[in-house]
Engineer: 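Before I ask anything, here is the structure I am working with.
What you are looking at is a predicted structure, and each value in this text was computed from that prediction instead of being measured. Letters A, B, ... mirror the listed sequences (proteins, then strands); counts begin at 1.
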Amino acid sequence: MTSSIRVRFAPSPTGYLHIGGARTALFNWLFARKYGGVFILRIEDTDRERSTPEAVATILDGLRWLGLDWDEGPYFQSERLAEHRRLAEQLLARGHAYKSYETKEELDALRRAAETAKTAFVFRGREHSPEEEAELDAQGRPYVIRFRVPRTEGAVTFYDLVHGEQTKRYADIEDFALLRSDGSPLYILSNAADDIAERVTHVIRGQDGLANTPKQVLIYQALGVPSPTFAHLPLILDGKRAKLSKRKHGEAATVRFYQERGFIPDAFLNAIALIGWSPGDNREILSRDEMIAAFDFAQVSRTNGIFNLPPADQPLADPRQFTDPKALWMNAEYLKTMPLDRLLPLVQEQLEAAGLWQSTFAEGAGRAWLIRTVEVIRERFRTLTDFTTYGRPYFDDSFAFDPEAVRKHLRDARLTDWLPELADVLEQVADWKPETVEAALRAFAEAKGAKAGLFINAARVALTGQSVGPSMFEVFALIGRERSCARLRAIREQAAMGATASLPVG
RNA sequence: GCCGCUAUGGUGUAACUGGUUAACACGCCGCCCUCUCACGGCGGAGAGUACGGGUUCGAGCCCCGUUAGCGGUACCA
């Protein structure tokens, strides 16, 4: 391998950047970065009906969010149609292709006949003499330009870095079309033509490209240019082994969804990298650099992997389990362990978007408080959006009460008086920190002849609206004396209102 | 129908060129910790490697067949 390696990611802008596409882009990128190669972005927008500028923007956004930076492009395939046509003409002139006048109806009939006869259908069009062609053209008969697959006994052979040497006999390859009757090129041609133009050395794409690779190799050979090396990646399927699609899985199949749901780009990348690839040892948490260093096609699996998306047509049993459990675990792992200076900007984005950011967080004491808070609460979060949902009570006085938590921990009627009393006691605590608050609360509990747990759990609900969270004394310390006491006293109104609001889901 | 790719616990993967009781992670269950939940720690259930043959002293790894999934068989990409 040398530094002359050139790879490309070539999505069609007909929808969103989906998980499979992101993984393909990632492997291209890893390979390029590992060997000092060039990563090219090409937009295959020849299907004008379905291609949209919005889809292009979505794909670029997705790649940028993931940090998969490209070195060249984006090139737009639609701008090179004339060149593709020229190549087809060249193939025609050199006898590697021919004009095929069969109509769609004729082809269908042939196919159906083969079907009923249960025989193979490998199409070979009828070729005509120059005179006949002139005659047909004079009549204005439409034709497609079809590749003439060698009629000899031979076979096409190519090397795939994942699947090894592949061979397909000429006899099993039909004479495929290069140009439609309106002169527009087909994918199989355009794709190969652009790979040639961009001097792509390694074609790394989904396994669904494997079956028509022999046809492209035939094109390379006819054009007299060396074939690139191929690497066909296993597909990513859902739990029912169906291809991931927006139609079936909704937004959960798109990269944007993970961005909006608070995934950390590195974590998302790490998670999808492990579908169809492994570093070969037991490591699972790998930084970009570690992935680059460990990447190797020899360790790429040949079997399609499953990304366990919950069914899109059913409500989630647990809203926190909105996607593949392992991906979620991966994200939580990153959230808990990544350096704070890299997490903080991401948290800031979330807070700003939710209107919870305050200028005091930028420096000094406010900064210190923010850091301390994030450190404590990230421990049990799984996504960045948790900071503004479950984390909201730390940043704002208006937050929702989980009815279940209220029912469970504020049920004891005596708390309506006791909590405000506790506030009076806490008001007097000399040095506001976890230890002193704990001492005061425990003494208070003892004086009331009740268990400390009663007050701890009730306070958690009063201060955060939730029944779960960090060590309660830590929470008191973070929320501060004033706000803590105010929330303890507000228990009366809370009790009066019946507290039915529920937490937004993350 | 024909051509091709694939097949290890529920999921993702590991198992050097065939060599001890198939490993790790997620998920699940239990215990510990404990003011809750999570984290963490400890332990457990769960595959004999799709199925059937064959080669071999020995096969998840090699060969053949079957089945299943996927892809191609388009003037889709």
Side-chain angles (χ1 to χ4, degrees), chain A residues 10-12 14 44-47 49-51 77 100 102-104 107-108 111 114-123 142-146 160 162-163 166-169 171-174 176-184 186-188 190-191 206-215 232 234-235 237 239 241-243 271 274-285 299 301-308 321 324-330 332 336 379-382 390 405 408-409 438 441-442 451-461 466-473 475:
Chain A
S12 295
T14 54
E44 303 213 330
D45 57 344
T46 52
D47 188 338
E49 300 282 296
R50 297 194 295 154
S51 299
Q77 190 161 67
S100 179
E102 285 82 2
T103 63
K104 211 159 167 75
L107 288 176
D108 285 346
R111 235 187 310 273
E115 195 89 20
T116 46
K118 293 197 185 303
T119 57
F121 180 67
V122 178
F123 182 71
Y143 61 84
V144 300
I145 292 185
R146 221 172 257 293
D160 188 285
V162 176
H163 295 275
Q166 303 290 308
T167 301
K168 187 149 186 167
R169 295 179 307 158
D172 293 324
I173 306 172
E174 71 281 358
F176 52 97
L178 260 18
L179 244 46
R180 297 186 182 85
S181 51
D182 67 359
S184 62
L186 283 124
Y187 161 81
I188 204 114
S190 294
N191 182 258
Q207 207 176 67
D208 37 0
L210 189 59
N212 50 37
T213 300
K215 296 173 191 169
H232 286 92
L235 268 18
L237 310 172
R241 301 189 182 275
K243 268 171 120 172
L274 260 24
I275 302 177
W277 174 74
S278 119
D281 47 38
N282 279 336
R283 288 136 81 212
E284 297 222 294
I285 304 286
Q299 286 296 132
S301 162
R302 268 146 285 138
T303 16
N304 294 161
I306 290 172
F307 192 73
N308 257 314
Q321 293 288 342
D324 185 87
K326 191 151 185 177
L328 241 12
W329 165 80
M330 183 73 75
K336 278 181 293 204
E379 199 59 40
R380 57 213 73 205
F381 286 172
R382 318 175 69 144
Y390 299 99
K408 198 169 167 196
H409 297 296
E438 172 159 17
L441 184 144
R442 287 189 188 282
K451 283 172 142 184
L454 174 69
F455 295 101
I456 291 170
N457 288 320
R460 180 160 16 246
V461 179
Q466 300 158 52
S467 61
V468 303
S471 162
M472 199 47 213
F473 303 110
V475 175

Engineer: When you compare B:U49 with B:U20, how far apart are their P atoms, in angstrom units rounded to a whole number?
Structural biologist: 15 Å
Engineer: Any base atoms under 4.0 Å from A:Gln166, or only sugar-phosphate, or nothing? Heavy atoms, all strands.
Structural biologist: sugar-phosphate
Engineer: Using a cut-off of less than 4.0 Å, is there contact between a side-chain N or O of A:Arg442 and OP1 or OP2 of B:C35?
Structural biologist: yes
Engineer: Identify whether any heavy atom of A:Pro470 sits under 4.0 Å from a base atom; if not, whether one sits that close to sugar-phosphate; answer base, sugar-phosphate or nothing.
Structural biologist: base
Engineer: For A:Phe123 and A:Glu102, what are the C-alpha separation, side-chain angles and deciding distance, and is it a side-chain contact (heavy atoms from CB on, under 4.5 Å)?
Structural biologist: CA-CA 11 Å; A:Phe123 182 71; A:Glu102 285 82 2; 3.9 Å; yes
Engineer: Quick check for you: among B:C75, B:U73, B:C35, whose closest atom lies nearest to any side-chain atom of A:Arg180?
Structural biologist: B:C75
Engineer: Search all heavy atoms of A:Ala452 against all heavy atoms of A:Arg442 and return the closest pair with its distance.
Structural biologist: CB-NH1, 3.4 Å
Engineer: Tell me which nucleotide among B:A25, B:C26, B:C3 gets nearest to the side chain of A:Pro325.
Structural biologist: B:C26
Engineer: Among B:U13, B:C75, B:C37, which nucleotide sits nearest the side chain of A:Lys104?
Structural biologist: B:C75
Engineer: Hey, is the side chain of A:Thr119 pairing donor to acceptor with the base of B:C2 inside 3.5 Å?
Structural biologist: no
Engineer: Any donor-acceptor pair under 3.5 Å between the side chain of A:Arg380 and the base of B:C37?
Structural biologist: yes
Engineer: Please evaluate the base of B:C76 for a donor-acceptor partner in the side chain of A:Arg50 within a cut-off of under 3.5 Å?
Structural biologist: no
Engineer: Look at the side chain of A:Leu210 and decide which nucleotide, out of B:C5, B:A77, B:U73, has an atom nearest to it.
Structural biologist: B:C5
Engineer: Looking at A:Pro325, is its backbone amide N or carbonyl O close enough to the side chain of A:Asn308 to form a donor-acceptor pair, meaning the two atoms are under 3.5 Å apart?
Structural biologist: no
Engineer: Please give the distance between the C1' atoms of B:G9 and B:G4 as a whole number of Å.
Structural biologist: 29 Å
Engineer: Has A:His232 got a side-chain N or O lying under 4.0 Å from the OP1 or OP2 atom of B:C5?
Structural biologist: no
Engineer: In whole Å, measure the gap between the P atoms of B:A25 and B:G69 for me.
Structural biologist: 33 Å
Engineer: Please report the shortest heavy-atom distance between A:Arg146 and A:Ser100, naming the atom on each side.
Structural biologist: NE-OG, 2.9 Å
Engineer: Among B:G71, B:A77, B:A38, which is the nearest nucleotide to the side chain of A:Asn212?
Structural biologist: B:A77
Engineer: Touch check for A:Leu235, heavy atoms < 4.0 angstrom, all strands: base, sugar-phosphate only, or nothing?
Structural biologist: sugar-phosphate
Engineer: When the C1' atoms of B:C32 and B:U11 are compared, how many Å lie between them, rounded to an integer?
Structural biologist: 28 Å
Engineer: Just how far, in rounded Å, is P of B:U11 from NZ of A:Lys326?
Structural biologist: 13 Å
Engineer: Would you indicate what A:Gln77 reaches in the nucleic acid, counting non-hydrogen atoms under 4.0 angstrom: base, sugar-phosphate, or nothing?
Structural biologist: nothing
Engineer: Give one of base, sugar-phosphate or nothing for A:Glu284, where a contact means two heavy atoms less than 4.0 Å apart.
Structural biologist: base
Engineer: Is the base of B:C37 touched by the side chain of A:Ser467 through a donor-acceptor pair closer than 3.5 angstrom?
Structural biologist: no
Engineer: Name the orientation of the base relative to the sugar in B:G52: syn if the glycosidic angle is within 90° of 0, else anti.
Structural biologist: anti
Engineer: Among B:G27, B:C75, B:C39, which nucleotide has an atom closest to any side-chain atom of A:Val144?
Structural biologist: B:C75
Engineer: Would you find a donor on one side and an acceptor on the other, under 3.5 Å apart, between the side chain of A:Arg241 and the backbone of A:Ile306?
Structural biologist: no
Engineer: Base, sugar-phosphate or nothing for A:Ser471? Non-hydrogen atoms, less than 4.0 Å.
Structural biologist: base
Engineer: Taking the P atom in each of B:U17 and B:C29, what is the distance between them to the nearest angstrom?
Structural biologist: 38 Å
Engineer: Taking only the side-chain heavy atoms of A:Ile456 (C-beta and beyond), determine which of B:C75, B:A77, B:C35 contains the nearest atom.
Structural biologist: B:C35
Engineer: Considering only B:G4, B:C26, B:U8, which nucleotide approaches the side chain of A:Lys168 most closely?
Structural biologist: B:G4
Engineer: Show your working on side-chain contact (heavy atoms from CB on, under 4.5 Å) between A:Tyr390 and A:Arg382 and close with a plain yes or no.
Structural biologist: CA-CA 11 Å; A:Tyr390 299 99; A:Arg382 318 175 69 144; over 6 Å; no
Engineer: What nucleotide, of B:A25, B:C39, B:C3, holds the atom closest to the side chain of A:Lys336?
Structural biologist: B:C39
Engineer: OP1, OP2 of B:G72 versus side-chain N and O of A:Gln207: anything below 4.0 Å?
Structural biologist: no
Engineer: With sugar-phosphate meaning primed atoms plus P, OP1 and OP2, does A:Arg460 contact a base, only sugar-phosphate, or nothing at under 4.0 Å between heavy atoms?
Structural biologist: base
Engineer: Taking A:Asp281 first and then A:Arg283, would you say they form a salt bridge - that is, a charged N and a carboxylate O separated by under 4.0 Å?
Structural biologist: yes
Engineer: Tell me which nucleotide among B:U13, B:A77, B:C35 gets nearest to the side chain of A:Ser278.
Structural biologist: B:U13
Engineer: Does OP1 or OP2 of B:C70 have a side-chain N or O of A:Arg241 closer than 4.0 Å?
Structural biologist: no
Engineer: Within the pair A:Arg382 and B:C26, is there a side-chain N or O less than 4.0 Å away from OP1 or OP2?
Structural biologist: no
